> 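The structure is given below, and queries will be raised subsequently.
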Amino acid sequence: MPTAEASLRLTFKNILLPTDFTSASEVASAFARSLATNYDSSIFVTHAITPTPPIFLPLEPVPLDGTTPSINCRTF
């Protein structure tokens, strides 16, 4: 009885390469080029940057002398 053999081959059609232009990114780009050459695939490069946290400014001005104005509160 004949048997069928299946071969399992991994293929990469597209490779996404995020880079921040550090030495680690250079190593990753060499690896991506090697993969692209071996699998006849395309490399898409994107520049990855570290996001800066938003700066929240107070709605009211902060006194320059370091004192905080007192607030008069009434209870009902």
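Since the structure is predicted, the reported quantities are computational estimates derived from the model, not experimental observations.
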> More than 12 foreign heavy atoms under 6.0 Å from CG of Leu16: is that the case here?
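Count over threshold, so yes.
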
> Taking all heavy atoms of Leu17 and all of Ala32, pick out the closest pair and write down the distance.
CD1-CB, 4.2 Å

> Linking Ile, Leu, Val, Met, Phe, Trp and Tyr through side-chain heavy atoms less than 4.5 Å apart, which residues share a cluster with Phe21?
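Members alongside Phe21: none; it stands by itself.
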
> Which atom names give the shortest non-hydrogen contact between Ile15 and Ser41, and what distance separates them?
CD1-OG, 3.4 Å

> Identify the heavy atoms of Thr19 and Ser25 that sit nearest to each other, and give their distance.
OG1-CB, 3.2 Å

> If we ignore hydrogens and angles and just use 3.5 Å, is the side chain of Ser34 paired with the main-chain N or O of Ala30 as donor and acceptor?
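A pair under 3.5 Å: no.
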
> Looking only at heavy atoms, which two atoms of Tyr39 and Leu10 are closest? And how far apart?
CE2-O, 2.8 Å

> Counting only heavy atoms from other residues, nucleotides and ligands, does the tally under 6.0 Å from CG of Asp40 exceed 12?
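Open: at most 12 neighbouring heavy atoms sit under 6.0 Å from CG of Asp40.
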
> Nearest 0.5 Å please: distance from the CD1 atom of Ile43 over to the CG atom of Leu35.
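Separation between the atoms: 8.0 Å.
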
